[in-house]
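Following: one structure in structure tokens, then a few remarks.
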Amino acid sequence: CMVEPIELYWKCGLANPHTSHCLGSGQIMISCMGDPSGNAKGGFVLLDGETFEVISNWEHQGEAAPFGYDFWYQPRHNVMISTEWGAPKALVNGFNPAHVQEGLYGSALNIWDWTTHKKLQRLDLGEEGAIPLEVRFLHEPSAAEGYVGCALNSTVFRFYKTSEGDWAAEKVISIPSKKVEGWMLPEMPGLITDILISLDDRYLYFSNWLHGDIRQYDITDRRNPRLVGQVFLGGSIVRDGPIRVLEDPENQKQPRPCIIKGKRIAGSPQMLQLSLDGRRLYATTSLYSGWDKQFYPDMIREGSVMMQINVDTVDGGLALNEDFLVDFGKEPDGPVLAHELRYPGGDCTSDIWL
């Protein structure tokens, strides 16, 4: 079954769908990033869970958020939180830093009443929280807190419900940019693009799509995440590439290129998925074709890949499985760019416990 773009245009005034979640009602809810003209518009579409017919908008008319991207809901606290990427017409052909200054990218969490569908609060994360992408509540359904990865300045914010009943956020992780030469800017951010939380709510993982590493944090102390694992799997700063790191606040050596089963990985770890027992982390390398072309043109020609990382769930730690590789450059009709990973029976990034 395919939902045609024209149905979203005519019935909801929306375009550029992104995240889908199933609802307790049996319906499917999808966040959207824009209107049919490519302008930013953070609205939501409801589909019939059996026929996939477009029913209506979830939000009230005229109450879409300024920007859209991801969302997560928590019924026990009667809340839904959505994030902001940017205007589709600005990001479609790659990243232009000037567009940030022009207000074409978002920097806030939008807080919604889950029952009435009314927007309650716009929680601005400021410059440090620019381009908040993936949002994750803790899996424990009574928990009133979670984390959001903010791409532009490579930070992670913890959001939480206050004693007054509204919502607030605090920065808990910051990945420093590296001073470089041979790149489009003098400093290269990590560009956090995906995050996830293990099902036991002990570990948080995220990918730095430009630097090329995946990091694992112990979040037992929710306000003070502790780095316990890191692995480089490609990226823009490999030591035999054209970009030289001049200064790195973390004093890390430029990583070796990632080679798996004889194939050099073009691109960088991006979308993540974790096995239900938390022992196997999977990563694909494509972010968005316009940005792939800009930052990793070799991946456009060769296709993306899926990799597997073994996880130490006791003490923390990440190690590449060098015997596992899914090469999407070998598809029958030519190379493709694989993105999202899902388990048929549910997983860490789609299941919401009621």
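Small disclaimer: the values here were computed from a predicted structure and weren't measured.
Note on Arg215 versus Asp213: salt bridge recorded, some NZ/NE/NH1/NH2 to OD/OE distance being below 4.0 Å. Asp221 has no carboxylate O lying under 4.0 Å from a charged side-chain N of Arg226, or vice versa, which leaves the two without a salt bridge. For Glu181 and Arg244, the salt-bridge test passes: some basic side-chain N is under 4.0 Å from an acidic carboxylate O. The pair Lys178-Glu247 does not meet the salt-bridge criterion, since no charged nitrogen lies less than 4.0 angstrom from a carboxylate oxygen. The pair Asp240-Arg264 meets the salt-bridge criterion, since a charged nitrogen lies less than 4.0 angstrom from a carboxylate oxygen. Ion pairing of Glu302 with Lys263 is present here, as a side-chain N (NZ or NE/NH1/NH2) and a carboxylate O approach within less than 4.0 Å. Lys118 and Glu63 are joined by a salt bridge, as a carboxylate oxygen and a charged side-chain nitrogen come within less than 4.0 angstrom of each other. Checked for salt-bridge contact, Lys11 and Glu53 meet the test: a charged N lies under 4.0 Å from a carboxylate O. The existence of a salt bridge linking Arg136 and Asp70 is confirmed by a sub-4.0 Å separation between a basic side-chain nitrogen and an acidic carboxylate oxygen.
Of the possible polar contacts, none joining the Gln273 side chain to the Tyr282 backbone as a donor-acceptor pair under 3.5 Å is found. At distances below 3.5 Å, not a single donor-acceptor pair connects side-chain atoms of Ser107 with backbone N or O atoms of Gly129. Side chain of Gln254 to backbone of Val245: a donor-acceptor contact under 3.5 angstrom is found. Side chain of Glu140 to backbone of Ser142: a donor-acceptor contact under 3.5 angstrom is found. In this structure, Asn57 contributes its side chain and Glu59 its backbone to no donor-acceptor pair below 3.5 Å. No donor-acceptor pair closer than 3.5 Å links the side chain of Ser268 to the backbone N or O of Gly234. At distances below 3.5 Å, at least one donor-acceptor pair connects side-chain atoms of Thr162 with backbone N or O atoms of Glu164. Under the 3.5 Å distance criterion, the side-chain polar atoms of Asn153 are matched with a main-chain donor or acceptor of Glu127. Although no hydrogens or angles enter the test, the distance criterion places no donor-acceptor pair under 3.5 Å between the side chain of Asn208 and the main chain of Gly212.
Residues Asp315 and Val228 are not in side-chain contact: their nearest non-hydrogen atoms beyond the backbone lie 4.5 Å or more apart. Put simply, the side chain of Val148 reaches to within 4.5 Å of the side chain of Thr83, judged on heavy atoms. Under the 4.5 Å side-chain criterion, counting only non-hydrogen atoms from C-beta, His139 is in contact with Ile197. Contact of the Phe328 side chain with the Met306 side chain is registered, since non-hydrogen atoms from C-beta on lie closer than 4.5 Å. Side-chain contact check for Leu8 versus Val54: some heavy-atom pair is nearer than 4.5 Å. You'll find the side chain of Leu318 reaches within 4.5 Å of the side chain of Tyr205, heavy atoms only. The shortest side-chain heavy-atom distance between Gln294 and Met184 falls under the 4.5 Å cut-off. Counting only heavy atoms from C-beta outward, the side chains of Leu191 and His211 never approach each other to under 4.5 Å.
Follow the hydrophobic side-chain contacts under 4.5 Å out from Ile214 and you never reach Leu341; the two are in separate clusters. Leu287 and Met299 fall within the same hydrophobic cluster, defined by Ile, Leu, Val, Met, Phe, Trp and Tyr side-chain heavy atoms under 4.5 Å apart, directly or through other members. Under a hydrophobic-cluster definition in which Ile, Leu, Val, Met, Phe, Trp and Tyr are linked whenever side-chain heavy atoms come within less than 4.5 Å, directly or via other members, Val172 and Ile192 are assigned to the same cluster. Linking Ile, Leu, Val, Met, Phe, Trp and Tyr residues whenever their side-chain heavy atoms come within less than 4.5 Å places Trp183 and Trp291 in a single cluster. In terms of hydrophobic clustering, with Ile, Leu, Val, Met, Phe, Trp and Tyr side chains grouped at heavy-atom distances under 4.5 Å, Trp112 and Ile28 are assigned to different clusters.
Between Trp72 and Trp114, the distance from one ring center to the other does not fall under 6.0 angstrom. The six-membered or imidazole ring of Tyr105 lies near that of Phe95, with a centre-to-centre distance under 6.0 Å. With ring centers used as reference points, Trp209 lies under 6.0 Å from Tyr296. Taking the six-membered ring for Trp, Trp58 and Phe71 have ring centres at least 6.0 Å apart. Checked against a 6.0 Å centroid threshold, the rings of Tyr147 and Phe206 do not count as neighbours. Here Phe137 and Trp353 keep their ring centres 6.0 angstrom or further from each other.
With 3.5 Å as the limit, one finds no donor-acceptor pair spanning the side chains of Lys119 and Asn110. Looking at Ser207 and Asp194, their side chains never bring a donor and an acceptor atom within 3.5 Å of each other.
The structure places CG of Asp347 at 12.0 Å from CG of Leu272, a figure rounded to the nearest 0.5 Å. Atom-to-atom distance recorded for Asp323:CG and Lys261:NZ is 7.0 Å, nearest 0.5 angstrom. One finds the OH atom of Tyr203 at 5.5 Å from the CG atom of Asp218 (value rounded to the nearest 0.5 Å). Note that the CG atom of Leu47 and the CE atom of Met29 stand 11.0 Å from one another [nearest 0.5 Å]. Going from atom CD of Gln270 over to atom CG of Asp292 covers 8.0 Å, rounded to the nearest 0.5 Å. Atom CZ in Arg202 sits 14.5 Å away from atom CG in Leu138 (nearest 0.5 Å).
For Asn93, the CG atom is loosely surrounded, since the number of other residues' heavy atoms within 6.0 Å does not exceed 12. Under a cut-off of 6.0 angstrom, the local environment of CD in Gln61 is sparse, with at most 12 non-hydrogen atoms contributed by other residues, nucleotides or ligands. The 12-atom threshold is not exceeded at CD of Glu50, counting heavy atoms of other residues, nucleotides or ligands nearer than 6.0 Å. The environment of CZ in Arg279 is sparse: at most 12 heavy-atom neighbours from other residues, nucleotides or ligands sit within 6.0 Å. A 6.0 Å sphere centred on CD of Glu322 holds no more than 12 heavy atoms belonging to other residues, nucleotides or ligands.
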For side chain to side chain contact (heavy atoms under 4.5 Å, CB included), just list the numbers for Phe67 and Ser82, CA-CA rounded to whole Å, side-chain angles, deciding distance to a tenth of an Å, and then say yes or no.
CA-CA 9 Å; Phe67 298 91; Ser82 64; over 6 Å; no
Verdict with supporting geometry, Val180 and Leu246, side chain to side chain contact (heavy atoms under 4.5 Å, CB included):
CA-CA 5 Å; Val180 296; Leu246 303 177; 5.7 Å; no
Give the intermediate values and the outcome of side chain to side chain contact (heavy atoms under 4.5 Å, CB included) for residues Leu14 and Lys41.
CA-CA 7 Å; Leu14 292 170; Lys41 185 179 182 181; 3.7 Å; yes
Just do the side chain to side chain contact (heavy atoms under 4.5 Å, CB included) check on Leu109 and Phe159 with the steps written out, would you?
CA-CA 9 Å; Leu109 299 180; Phe159 59 85; 4.0 Å; yes
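A cation-pi contact, defined as under 6.0 Å to the ring centre and within 45° of the axis, links Arg158 to Tyr160.
Minimum heavy-atom separation, His77 to Trp167: CB-CZ2, 4.4 Å. Heavy atoms only, all atoms of each residue included: Pro132 and Ala108 are closest at CG-O, 3.6 Å.
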